Amino acid sequence: MATVVGKPPDRNLWEDICAEFEATSSRILEDSKLDTASVSTEISRYDATKHSPVFYGHMVAKVSVDTSLLEHFNAEYSHPALLGHALVQKPPPPVIPSPPPPSPPPEPHKCSPSQYLEHYLFPVLLPGLFETLVHAKIEKCFERKMSKFNACDFLAEWLYNKNKRRADRKFTAFSDIPFVKNWLKDHPRPPIPLSLLLSEDEAALIIQSFWRGYRVRCDAEIQELRQWQRELREENRGYTRKIMKFWADQESKVGQTMEEELVEEMPPSPAEEPIRDLTQYEILLKIRKDCM
């Protein structure tokens, strides 16, 4: 039995889902195939206490010989750790006959619901679900409780742009799709929290800036400066209102003085004082008063 010494791949639920979809869609990568060509192949985990580094990553088969192992050994062509073992190659995969040509799909208006799902819905929907899972993994939806990634929005955008009728058109974002715009106009969504929009680097930058500011404000000299600024603000509180009141009082005083001067300078009415000619001295006083 041949043994491959190395680290077997660790499988999880995500890889099982992807492998199942790839198997159904006939897009299996050669590197991810299991070794089904040889039933006697065993994958052994590498252990430094049991294996030599020469065996790592190679397929090795144990060989039994009748003579001594060191009789025909030559260190120029082989390694001492390979005594009694042989490096073998993976046998070629068996020839698989080509599958028969697929039968034509049934008519969509006459077939059963299961046939319609199998031939018309699933071939379109499964690739979209696969891409949705891929982007969900990129957005780390499987690692966090909350994320800005919306699977329904992504799937709607993917199906809209992958429509065969839109093969020659440009990519359309989800918010620019006509029926989406009409729906959001009547049913607006609440804004996404900033904590979900920020990337890890942006969030770390904000947190570090706040922490550095907090450490600076804890300094004794900065605390003294902030205390002085607080006291100065308390002393200057209400100055704007006092200044406005002062100027209002001044304007009111100036208005009363102007009214008194107008009353004093108002000439007497013709009924109270008869009209008479001004003397030369009165004319000079009036001209002097007007010029002042």
Side-chain angles (χ1 to χ4, degrees), residues 7-34 102 104-214:
K7 182 180 179 181
D10 297 331
R11 300 186 63 85
N12 52 28
L13 180 60
W14 164 253
E15 294 179 352
D16 293 340
I17 295 174
C18 295
E20 182 180 357
F21 172 75
E22 291 175 353
T24 56
S25 59
S26 301
R27 290 188 299 164
I28 305 177
L29 299 177
E30 291 295 329
D31 296 338
S32 63
K33 286 184 178 180
L34 296 175
E107 296 184 7
H109 300 289
K110 298 181 179 180
C111 62
S112 62
S114 60
Q115 292 177 342
Y116 184 86
L117 292 174
E118 182 178 357
H119 292 87
Y120 294 99
L121 185 61
F122 288 158
V124 178
L125 186 60
L126 287 179
L129 294 176
F130 177 77
E131 294 296 332
T132 304
L133 290 174
V134 171
H135 280 75
K137 184 179 181 181
I138 295 175
E139 296 290 341
K140 299 182 179 180
C141 296
F142 305 112
E143 302 175 9
R144 303 171 179 173
K145 292 183 179 180
M146 299 182 64
S147 174
K148 65 178 180 180
F149 180 75
N150 191 320
C152 295
D153 293 352
F154 177 84
L155 185 59
E157 178 185 274
W158 190 89
L159 293 174
Y160 182 82
N161 288 280
K162 293 299 180 179
N163 192 345
K164 295 182 179 179
R165 300 179 182 178
R166 303 188 71 262
D168 300 333
R169 301 183 186 180
K170 296 182 179 179
F171 176 82
T172 305
F174 175 77
S175 57
D176 297 332
I177 299 176
F179 65 86
V180 174
K181 294 174 65 176
N182 297 333
W183 174 264
L184 294 179
K185 186 184 300 182
D186 299 332
H187 307 82
R189 294 180 175 181
I192 302 176
L194 182 61
S195 59
L196 300 181
L197 296 176
L198 293 176
S199 62
E200 292 184 355
D201 296 337
E202 294 172 343
L205 182 62
I206 294 175
I207 295 173
Q208 291 172 2
S209 300
F210 177 81
W211 176 250
R212 286 195 296 267
Y214 170 74

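Residue numbers count from 1 along this sequence. Note that the coordinates shown come from a computational prediction; the quantities given were computed from them, not determined experimentally.
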### Query
Quick one: do Lys162 and Glu131 make a salt bridge, cutoff under 4.0 Å?
no
Can you tell me how far [atom2] of [Y] sits from [atom1] of [X], rounded to the nearest 0.5 angstrom?
{"X": "Ile206", "Y": "Leu194", "atom1": "CD1", "atom2": "CG", "answer": "6.0 Å"}
{"X": "Leu196", "Y": "Glu139", "atom1": "CG", "atom2": "CD", "answer": "11.0 Å"}
{"X": "His119", "Y": "Glu107", "atom1": "NE2", "atom2": "CD", "answer": "13.0 Å"}

### Task
Count the heavy atoms belonging to other residues, nucleotides or ligands that lie under 6.0 Å from CZ of Phe171, then report whether that count exceeds 12.
yes
### Task
May I ask you to check whether over 12 heavy atoms, not counting those of Asp168, lie within 6.0 Å of atom CG?
no
Considering all heavy atoms, the nearest [X]-[Y] contact:
{"X": "Phe122", "Y": "Pro127", "answer": "O-CD, 3.9 Å"}
{"X": "Leu121", "Y": "Leu117", "answer": "CD2-CD2, 3.1 Å"}
{"X": "Gln115", "Y": "Cys111", "answer": "OE1-CB, 3.3 Å"}
{"X": "Arg189", "Y": "Leu184", "answer": "NE-CD2, 3.7 Å"}
{"X": "Phe142", "Y": "Leu133", "answer": "CE1-O, 4.0 Å"}
{"X": "Lys148", "Y": "Leu197", "answer": "NZ-O, 4.1 Å"}

### Query
With a 4.5 Å heavy-atom cut-off, do Pro178 and Lys181 have their side chains touching?
no
### Query
Side chains of Trp158 and Thr132: closer than 4.5 Å at any heavy-atom pair?
no
### Task
Assign the ring pair Phe179 / Tyr160 to parallel, tilted or perpendicular, where the plane angle (0 to 90°) is split at 30° and 60°.
perpendicular
### Query
Per the side-chain contact (heavy atoms from CB on, under 4.5 Å) rule, which among Asp153, Leu155, Asn161, Leu159 passes with Glu157?
Asn161
